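Here the structure comes first, spelled out in C-alpha cells, and everything after it is commentary.
Keep in mind it's a predicted model, so treat the numbers as computed, not measured.
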Amino acid sequence: MNILVLNGSPHENGNVGNAIKKLLLKYDSDENEIVYHNVHELNFDFCRGCMACRKSGTCVLKDDGAHKIAGEINWCDMLIVGTPVYWGNMSGKLKSLFDRLVGVLMTESSRGIPKPLHKGKKAIIVTSCRTPFPFNCIFGQSAGAERALKEILKYS
C-alpha cells in the first residue's frame with residue numbers, strides 16, 4: 001500500500017508528529033511504501049481562487065510543493081493527515097495546502113455538485129489540542145479541526 005503522510009504541525013517532534021510516528025509503526029513493512037512530509041517545510045504559493053483547477057485538475061500556479069503533493073495524492077492508497085488544533089481548526093499552512101489541492105481532490109458536475117476524485121481511498125486524521133479536557137470539547141476546539149478535515153476528505 002502507498003501511504004502519504006502530511007504532518008501539518010510546525011513541530012516535527014511535537015504531539016502530532018510523535019503520534020503519527022507511532023501510528024506508522026503499524027504500517028512499517030515491505031508491503032507498504034510511506035512518503036512523509038512536514039507541511040511547514042513545503043514551499044508553495046497561496047491559492048488565488050481562480051477555479052481553473054476544477055476544470056483542468058491542475059493548478060495554474062508555478063510548479064511548487066503543492067504540485068508535488070498533488071502527484072503524491074494521486075499515487076497514494078491512504079492519506080494520513082495530522083494537525084495541531086489552532087483556533088478550533090487545522091494549522092494555517094495545512095489549510096493553505098488543501099486550498100491549492102482542490103483540483104486534484106474533487107471536480108464538479110455540470111450543476112456544480114462536488115464529485116470526489118479519490119473515492120474509496122483510506123484516510124486517517126491525527127489531531128492534538130492543548131486546551132485541557134473538558135474545555136476542548138465544551139468549546140469545540142478538537143472537534144473543529146476534525147470536522148474541517150473530514151469535510152475535505154468527504155469531498156475527495
Side-chain angles (χ1 to χ4, degrees), residues 1-29 31-49 51 53-54 59 61-106 114 116-156:
M1 178 166 39
N2 297 327
I3 302 169
L4 175 60
V5 179
L6 299 175
N7 178 2
S9 174
H11 307 286
E12 182 178 351
N13 294 310
N15 292 336
V16 171
N18 289 332
I20 289 171
K21 288 172 189 168
K22 284 186 180 182
L23 173 65
L24 288 176
L25 293 174
K26 177 181 177 180
Y27 297 99
D28 187 20
S29 76
E31 298 172 7
N32 297 323
E33 184 173 346
I34 300 170
V35 174
Y36 189 106
H37 290 284
N38 290 306
V39 175
H40 72 280
E41 294 175 355
L42 295 172
N43 291 315
F44 58 89
D45 287 330
F46 293 105
C47 177
R48 306 274 163 72
M51 303 298 186
C53 65
R54 290 195 183 200
C59 180
L61 296 178
K62 71 178 183 346
D63 195 20
D64 60 13
H67 285 89
K68 177 181 177 151
I69 300 300
E72 291 171 350
I73 284 176
N74 286 327
W75 161 84
C76 77
D77 302 305
M78 179 176 8
L79 178 63
I80 298 174
V81 182
T83 184
V85 176
Y86 291 166
W87 288 102
N89 209 323
M90 70 185 88
S91 66
K93 187 108 182 210
L94 183 62
K95 171 65 168 76
S96 294
L97 178 62
F98 279 122
D99 287 347
R100 280 286 304 280
L101 296 174
V102 167
V104 74
L105 295 174
M106 61 165 278
L117 295 175
H118 299 276
K119 192 171 185 166
K121 286 189 179 183
K122 297 176 182 177
I124 297 174
I125 297 170
V126 177
T127 64
S128 176
C129 180
R130 293 193 61 102
T131 304
F133 179 82
F135 302 107
N136 64 325
C137 296
I138 293 169
F139 301 124
Q141 293 292 304
S142 300
E146 183 182 353
R147 185 173 43 254
L149 285 167
K150 281 183 175 180
E151 182 81 6
I152 291 166
L153 296 171
K154 174 182 171 183
Y155 289 107
S156 302

Check side chain to side chain donor-acceptor pair (under 3.5 Å) between Lys121 and all other residues, then give those that pass, not counting sequence neighbours. His118
Would you say the side-chain atoms of Ser91 pair up with the backbone N or O of Gly8, donor to acceptor, closer than 3.5 Å? yes
Report the distance from atom CD1 of Ile73 to atom OG of Ser156, rounding to the nearest 0.5 Å. 7.5 Å
Apply side-chain contact (heavy atoms from CB on, under 4.5 Å) to the pair Leu101 and Leu97, showing each step before the final yes or no. CA-CA 6 Å; Leu101 296 174; Leu97 178 62; 3.8 Å; yes
Nearest atoms (heavy-atom pairs only) where Ser142 meets Cys129: OG-CB, 3.4 Å
Evaluate side-chain contact (heavy atoms from CB on, under 4.5 Å) for Lys122 paired with Ile3, printing each intermediate quantity in order. CA-CA 9 Å; Lys122 297 176 182 177; Ile3 302 169; over 6 Å; no
Distance-minimising heavy-atom pair for Val85 and Ala145: CG2-CB, 3.9 Å
His40 and Glu12 side chains, donor-acceptor separation under 3.5 Å: no
Heavy atoms only: give me the nearest Ala148-Met90 pair and the separation to one decimal. CB-CE, 3.7 Å
What's the separation between atom NE2 in His37 and atom CG in Leu42, rounded to the nearest 0.5 Å? 6.5 Å
Would you mind reporting whether Ile80 and Tyr36 have side-chain heavy atoms less than 4.5 Å apart? no
Summary of salt bridge (Lys or Arg N to Asp or Glu O under 4.0 Å) pairs that have at least one residue in residues 75-95, sequence neighbours excluded: Lys95-Asp99
Taking atom CD1 of Ile34 and atom SG of Cys76, what is their separation to the nearest 0.5 Å? 12.0 Å
Heavy atoms of Leu105 and Phe98 approach each other most closely as CD1-CD2, 3.9 Å
OG/Ser128 to CD1/Ile20 distance, rounded to the nearest 0.5 angstrom? 10.5 Å
Identify whether the distance between the nearest side-chain nitrogen and carboxylate oxygen of Arg100 and Asp64 falls below 4.0 Å. yes
Residues Tyr27 and Asn32: closest non-hydrogen pair is O-ND2, 2.8 Å
Please tell me if the side chains of Val35 and Val5 come closer than 4.5 Å, counting only heavy atoms from C-beta onward. no
Measuring only between side-chain heavy atoms, which start at C-beta, is Lys62 closer than 4.5 Å to His67? no
Less than 4.5 Å apart, side chain to side chain, heavy atoms only: is that true for Tyr155 and Lys119? no
So do the side chains of Pro114 and Met106 get within less than 4.5 Å of each other, counting heavy atoms only? yes
Flag side-chain contact, heavy atom, 4.5 Å: Glu33 against Met1: no
Can you check side-chain contact (heavy atoms from CB on, under 4.5 Å) on Val81 and Val126, steps first, answer last? CA-CA 6 Å; Val81 182; Val126 177; over 6 Å; no
For the CZ atom of Arg147 and the CG atom of Asn89, what is their distance to the nearest 0.5 Å? 8.5 Å
Show your working on side-chain contact (heavy atoms from CB on, under 4.5 Å) between Leu61 and Arg48 and close with a plain yes or no. CA-CA 9 Å; Leu61 296 178; Arg48 306 274 163 72; 3.3 Å; yes
Does a salt bridge link Glu146 with Lys150, judged by any charged N lying under 4.0 Å from a carboxylate O? yes
Distance, nearest 0.5 Å, that separates CG of Leu6 from CG of Leu94: 6.5 Å
Minimum heavy-atom separation for Thr127 and Val16, please, with both atom names. C-CG2, 4.3 Å
Would you call Asn13 and Asn18 a side-chain contact if the rule is heavy atoms closer than 4.5 Å? yes
Can you confirm whether the side chains of Asn38 and Asn7 place a donor and an acceptor under 3.5 Å from each other? yes
Are Leu79 and Leu153 side-chain neighbours, meaning at least one heavy-atom pair lies under 4.5 Å? yes
